[in-house]
Amino acid sequence: MTLDSRFAPADVEPRLYEGWEKVGGFACDPASQAPPFTIMIPPPNVTGSLHMGHALTFTIQDTLVRWRRMQGRDTLWQPGTDHAGIATQMVVERLLAAEGKDRREMGRDAFLERVWQWKAESGGTITTQLRRLGASLDWPRERFTMDDGLSAAVKETFVKLHNEGLIYRDRRLVNWDPKLQTAISDLEVENREVKGSLWYLRYPIEGEPGQFIVVATTRPETMLGDTAVAVHPDHPVYGALIGKWAILPLVGRSIPIVGDEYADPEKGTGAVKITPAHDFNDFEVGRRHNLPMPSVLDRQAMVTLAEIEDVMTSVPGVADPAFVRMLEGQARFAARAAIVTELERLELLEKIEPHTNQIPHGDRGGVPVEPRLTTQWYCNAGVLAKPAIEAVETGKTVFYPKQWENTFFAWMRDIQPWCISRQLWWGHRIPAWYGPDGEVFVAKDAAGAAVQALARYGHEEILTQDEDVLDTWFSSALWPFSTLGWPEQTPEVARYYPGDVLVTGFDIIFFWVARMMMMGLHMMGEVPFRTIYIHGLVRDEKGQKMSKSKGNAIDPLELIDTYGADALRFTICALTGPGRDVKLSAARVQDYRGFVTKLWNAARFCEMNGMQPEAAFDPAGVKLPLSRWLLTETNTAILEATAALEAYRFDEYAGAGYRFVWNNFCDWFLELSKPLLAEGADPAGAAEIRSVGAHVLGQILRLLHPAIPFVTEELWDRFGYGEACSLIGTSWPEPVAVPDAQQARDELDWVVRLIGQVRSVRAEMNVPPSKPSPVLLQGASDEAMGRVGRWMDAIRRLARASDVSVLTGDVPKGSALAVLDEITIVLPLEGLIDIAAERARLSKERDKLIVDAKKTRQKLDNADFVSRAKEEVVAENRERLATADSEIARLQAALDRL
RNA sequence: GGGCGCGUAGCUCAGCGGUAGAGCAUCGCCUUCACACGGCGGGGGUCACAGGUUCAAUCCCUGUCGCGCCCA
């Protein structure tokens with residue numbers, strides 16, 4: 001074994017990943033006695049490909065999973081993908097369009113066949129990419145939301161909730177996406193600010209020629225469906241009109257003027273037109289006043305007159321059915337223009353004001369949503385939400401950061417009925433069948449519905465299944481248990497439900513987290529997970545959200561190709577603080593690749609110096625201060641890393657590993673070990689250093705494996721710490737007892753500070769490294785000189801000292817000085833240093849201490865401080881002052897001598 | 001309008017009652033036998049602003065300003 005001078009991720013990663021799979025490194029074991037640890041993957045869309053958001057969330061999940069696995073937990077990271085109803089249907093429809101085909105011409109069955117075919121060919125993209133990232137998912141357990149098993153779970157749930165009255169059909173306004181021609185849920189609507197106009201329309205008062213009530217509207221085209229004008233009951237002018245009737249222009253219908261507090265006297269004219277079938281607020285007003293609710297826009301948002309045909313009347317100068325009929329079939333915005341022009345011609349348009357308002361858009365289709373009165377399936381989320389709220393209130397499920405609980409509560413406490421039917425083909429078809437009289441039979445299958453129908457009709461009838469499919473999130477909501485085999489009572493359901501941690505972004509708390517909580521509690525009687533870890537968004541280096549359309553998206557696979565998966569993963573960990581977005585750029589990944597390289601090179605050094613794993617190594621048996629110091633530092637790193645992971649502090653975890661490897665292991669242990677390993681050094685000491693070095697390198701590999709699995713496994717295997725691909729299954733390190741730990745820490749701390757002081761003086765005095773100098777110590781204790789004796793070679797090497805000895809006589813002329821505790825360090829550098837520069841340096845040092853001492857003295861002179869502050873704080877300040885005074889005196893003496 | 005979060009070194013962020021930290025960037029020195037994807041050393045901050053609590057505030061409280069997000 002000789003390690004290459006460079007770590008080559010591309011050569012190593014595929015081999016190790018296959019190796020892990022081959023040894024069963026990712027597999028859970030339902031028969032295991034170990035406590036389980038479960039993370040359900042948020043199933044990516046089958047249509048998806050790996051983006052930075054995925055890289056973030058899956059790196060976090062894999063880090064947790066690998067860590068818990070090493071801790072001995074029976075770990076299940078459940079893989080799978082989501083059928084993503086609308087998204088997938090759109091993808092395949094686009095493909096068909098390119099072939100000049102249309103799904104409606106093909107028919108439902110042929111279309112679905114085509115989607116399944118597409119899924120078989122292209123649906124595996126993201127799972128392949130997840131492997132590139134190193135994600136240790138239990139692949140043989142991969143699930144898809146439209147699998148038979150998961151479909152059974154969907155049917156089971158639908159039927160149960162229907163039987164309980166929690167799923168029902170209702171005719172009410174829904175958000176209708178005219179582009180996709182389906183209902184969508186409230187959550188799939190996003191408000192966009194659009195610059196538009198406010199049109200002021202005159203509606204003539206019936207029986208009072210020349211009198212008008214003026215309504216302000218942002219949607220003049222829906223006036224065809226107006227069935228009232230509403231004014232605030234207390235409106236000073238219009239209040240008097242309540243009870244009278246207006247003539248609806250163009251249509252000629254008589255519509256009542258009603259009093260309703262919905263009409264805001266401060267807005268527009270204080271009077272609003274009421275179109276119950278095309279506006280959510282108007283719908284409520286319509287309900288309160290028992291108004292007719294004609295729809296005047298069809299599924300494509302084109303004008304349809306069927307429901308107002310019989311009320312259309314000619315009113316000279318006001319209404320002309322012929323004009324209105326001409327609008328039939330026109331798109332809503334074309335109709336708007338025609339209507340406004342016509343009203344203007346009739347002098348019924350008072351004015352137009354520019355107006356900016358929030359227009360609801362479908363998040364998939366991207367066009368304005370049209371509220372439409374239709375019959376849809378709904379889920380009574382209000383009832384299901386209650387136990388979910390309680391579970392979070394009582395801490396059965398905890399959010400990290402806790403902050404997000406407020407967001408969850410706010411949404412859940414005001415939750416609206418969830419529209420779960422979609423007028424699509426790709427998805428779980430609603431298990432409801434209709435008889436010839438429109439009666440609905442809900443059952444898991446057609447046979448079950450037929451039984452119900454027989455009971456009702458007394459004979460067999462032809463039933464037709466509901467054409468619609470369920471909202472994709474309905475099946476996602478069951479993911480935590482449907483993937484485990486439910487409704488079958490499998491060992492997996494018993495063992496891995498509820499899961500431990502759900503890791504996801506805040507953007508799907510409502511879409512997914514809340515619904516899993518509701519369904520999990522209702523169907524399983526238990527929360528789906530104990531902890532919900534919410535991470536931020538990945539942004540570019542300027543803090544902009546990454547998106548394809550903006551062109552600022554970074555492809556994680558390109559980063560992996562260039563820098564390696566470990567570099568990307570470590571960067572993500574290092575930048576992932578709680579509640580923070582992650583600003584990522586290739587430059588940052590490049591930076592952290594440096595850490596991977598550093599580790600590789602440190603390992604090469606270990607290899608070159610004969611450090612080999614020893615099964616029998618006993619940390620309690622080490623003798624050298626350097627060994628004992630390294631072991632205590634290792635303990636600290638282990639404790640820090642473990643605590644960080646327990647607290648979901650991936651930044652601190654990465655930081656602890658980084659500091660330990662770079663600043664402790666490389667900068668000091670390896671450097672200080674060099675003289676001990678050199679030719680002619682004490683063989684027993686060298687042997688101990690080799691043993692402890694190999695041991696700690698192994699601990700480092702364990703400690704960092706969750707974040708950077710590839711490089712650590714490669715080194716683990718190459719050094720022979722275990723069988724090939726065994727690091728993934730090795731135990732997480734634990735602190736060990738170290739003999740005389742404090743003494744080792746004190747000694748090393750002192751040596752480090754001594755070397756630091758000498759280096760600092762030399763650097764500031766511009767003494768070239770090629771010119772070693774003697775180091776003289778004034779006022780050194782026997783203990784200090786003992787340390788010097790033990791560390792002579794290291795000090796020589798690292799501090800560029802020709803010799804270290806006690807200064808007995810006067811300080812030689814032209815020396816540079818530094819202070820270390822009670823010792824004055826003297827570097828006789830006559831001729832090499834600039835006296836003026838040394839004077840400036842010492843003065844600066846002294847002045848800093850004087851300021852410090854002054855502040856401390858003031859504090860100690862304050863009787864309140866001395867009497868009220870904690871004892872140890874007062875003592876600390878006393879000591880600080882004494883040290884400062886002593887150092888000031890010595891620096892002053894040095895200055896005087898110059 | 002309601003809610004949440006954030007304003008700390010040039011940049012990205014940590015710290016959150018006891019005299020300011022890291023990484024990167026920057027400057028100087030060094031191609032020293034693991035590593036120039038490196039080593040050593042240095043410079044750089046009135047911790048957004050104004051009040052208050054406290055012996056002590058970057059940290060707690062109140063207000064102001066600026067930025068971002070969610071909901072209406």
Side-chain angles (χ1 to χ4, degrees), chain A residues 3 5-7 186-187 190-191 358 401 403-411 414 506-507 509-510 536-537 539 541-545 563-564 567 571 574-585 587-609 611 649 651-652 654-655 658-659 662-663 665-667 670-671 673-674 678-679 755-770 772 797-800 841 844 851-856 858-870 872-874 876-877 880-881 884:
Chain A
L3 294 174
S5 61
R6 285 287 153 82
F7 173 59
D186 297 350
L187 284 175
E190 57 181 40
N191 287 310
Q358 299 284 325
Q403 171 46 36
W404 290 107
E405 290 181 2
N406 292 330
T407 307
F408 175 82
F409 288 141
W411 163 257
D414 185 37
F506 57 81
D507 47 331
I509 290 179
F510 305 146
L537 242 52
R539 297 174 177 277
E541 64 270 72
K542 292 185 206 117
Q544 302 271 324
K545 212 163 151 175
Y563 304 109
T571 305
L575 300 181
T576 299
R580 276 261 178 199
D581 288 342
V582 176
K583 284 187 200 164
L584 205 113
S585 63
R588 307 312 302 272
V589 180
Q590 190 173 354
D591 292 343
Y592 282 107
R593 180 190 52 179
F595 176 66
V596 175
T597 307
K598 186 76 180 177
L599 176 62
W600 182 261
N601 281 308
R604 284 179 63 220
F605 176 88
C606 293
E607 181 192 36
M608 289 171 192
N609 285 281
M611 295 186 192
R649 288 299 303 263
D651 54 342
E652 290 185 350
Y658 187 100
R659 284 192 304 274
W662 208 305
N663 304 128
F665 191 71
C666 292
D667 289 348
L670 294 186
E671 292 304 329
S673 75
K674 285 174 184 175
E679 233 171 299
I755 293 169
Q757 287 289 356
V758 177
R759 277 172 168 174
S760 179
V761 172
R762 290 179 55 98
E764 283 192 62
M765 289 295 100
N766 279 317
V767 181
S770 54
R797 201 177 179 117
L798 299 179
R800 300 260 133 196
R841 190 183 67 83
K844 200 177 121 199
V851 171
D852 192 64
K854 194 180 158 197
K855 277 195 215 161
T856 314
Q858 270 171 2
K859 219 174 201 185
L860 288 164
D861 285 347
N862 180 346
D864 281 333
F865 172 72
V866 178
S867 61
R868 300 201 187 193
K870 276 178 280 184
E872 58 267 33
V873 175
V874 178
E876 192 188 304
N877 275 276
R880 180 198 289 273
L881 181 59

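Values below: every heavy atom of this structure, side chains too, minus hydrogens, waters and symmetry copies. In what follows, chains are A, B, ... by sequence order, proteins preceding strands, each numbered from 1.
Separating the C1' atom of B/rG18 from that of B/rC65 is a span of 30 Å, rounded to the nearest Å. Taking the P atom of each, B/rU8 and B/rA14 are spaced 10 Å apart, rounded to whole Å. Rounded to a whole angstrom, the distance from the C1' atom of B/rG51 to that of B/rC69 is 29 Å. B/rU46 and B/rU32 have their C1' atoms separated by 43 Å, with the value rounded to a whole Å. The P atoms of B/rA25 and B/rU62 are separated by 41 Å, rounded to the nearest whole Å. Nucleotides B/rC59 and B/rG3, compared at atom C1', are 24 Å apart to the nearest Å. Comparing B/rG28 with B/rG66, their C1' atoms sit 38 Å apart, to the nearest whole Å. Spacing between B/rA36 and B/rC6 at atom C1', rounded to whole Å, works out to 38 Å.
The main-chain N or O of A/Leu670 is found under 3.5 Å from a side-chain atom of A/Ser673 such that the two form a donor-acceptor pair.
Proximity note for A/Asp667 (side chain, C-beta onward) versus B/rA34, B/rG23, B/rC40: the nearest is B/rC40. If you check B/rA34, B/rG43, B/rC30 against the side chain of A/Lys844, the one that comes closest is B/rG43. Comparing B/rG42, B/rC40, B/rC37 by their nearest atom to the side chain of A/Glu764 picks out B/rG42. Closest approach to the A/Cys666 side chain among B/rG43, B/rA34, B/rG23 is made by B/rA34 (side chain taken as heavy atoms from C-beta onward). Side-chain proximity of A/Lys583 to the nucleotides B/rG15, B/rC35, B/rU12 is greatest for B/rU12.
Nearest heavy-atom pair across A/Ala602 and A/Cys666 is CB-SG, 3.6 Å. The two atoms that bring A/Pro578 and A/Arg649 nearest to each other are CD-NE, 3.4 Å, heavy atoms only. Taking each heavy atom of A/Asn877 and A/Leu860 in turn, the nearest pair found is O-CD1, 3.8 Å. Taking both residues in full, the closest heavy atoms of A/Lys583 and A/Arg588 are given as O-CG, 4.5 Å, listed atom of the first, atom of the second, then distance. Considering every non-hydrogen atom in both A/Phe865 and A/Lys859, the closest pair reads CD2-O, 3.3 Å.
The aromatic rings of A/Trp600 and A/Phe7 sit tilted, their planes meeting at an angle between 30° and 60°.
Between the base of B/rA34 and the side chain of A/Glu671 there is a donor-acceptor pair shorter than 3.5 Å.
Residue A/Tyr658 is classed as a sugar-phosphate contact, given heavy-atom separations below 4.0 Å to backbone atoms only. Backbone-only contact: A/Arg649 has heavy atoms under 4.0 Å from sugar-phosphate atoms and none from a base. The residue A/Arg759 sits close only to the backbone: its heavy atoms come under 4.0 Å of sugar-phosphate atoms, none of a base. Among the protein residues, A/Cys606 comes within range of no part of the nucleic acid, since none of its heavy atoms lies under 4.0 Å from any strand.
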So what is the 5' to 3' dot-bracket string for RNA chain B, if pairs are Watson-Crick or G-U wobble with both distances under 3.5 Å, crossing pairs use [ ] and | means the partner sits on another strand?
((((((((.[[[[.)..(..]]]].(((((.......))))).....[[[[[..)....]]]]]))))))).
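When the side-chain nitrogen and oxygen atoms of A/Gln403 are compared with OP1 and OP2 of B/rC4, none of them lie within a distance under 4.0 Å. For B/rG7, one of the phosphate oxygens OP1 or OP2 lies less than 4.0 angstrom from a side-chain nitrogen or oxygen of A/Arg580. For B/rG42, one of the phosphate oxygens OP1 or OP2 lies less than 4.0 angstrom from a side-chain nitrogen or oxygen of A/Ser760. For B/rG39, the OP1/OP2 oxygens have a side-chain nitrogen or oxygen of A/Trp662 closer than 4.0 Å.
B/rC13 atom C1' lies 8 Å from atom CZ of A/Arg588, rounded to whole Å. The interatomic distance linking A/Arg6 (CZ) with B/rC37 (P) rounds to 7 Å, in whole Å. In this entry the distance linking CE of A/Met765 with C1' of B/rG28 reads 13 Å, nearest Å.
Counting heavy atoms from C-beta outward, A/Phe506 and A/Thr407 have side chains that stay 4.5 Å or more apart.
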Between the protein and nucleotides 67-72 of chain B, are there any N/O to N/O pairs under 3.5 Å, and if so, what are the atom names and distances?
none

What nitrogen or oxygen pairs link the protein and nucleotides 16-20 of chain B at under 3.5 Å?
{"residue": "B/rU19", "atom": "O2", "partner": "A/Lys855", "partner atom": "NZ", "Å": "3.3"}
{"residue": "B/rU19", "atom": "N3", "partner": "A/Asp852", "partner atom": "OD1", "Å": "3.1"}
{"residue": "B/rU19", "atom": "O4", "partner": "A/Asp852", "partner atom": "O", "Å": "3.3"}
{"residue": "B/rU19", "atom": "O4", "partner": "A/Asp852", "partner atom": "OD1", "Å": "3.1"}
{"residue": "B/rU19", "atom": "O4", "partner": "A/Asp852", "partner atom": "OD2", "Å": "3.3"}
{"residue": "B/rU19", "atom": "O4", "partner": "A/Thr856", "partner atom": "OG1", "Å": "2.1"}
{"residue": "B/rU19", "atom": "O4", "partner": "A/Arg880", "partner atom": "NE", "Å": "3.3"}

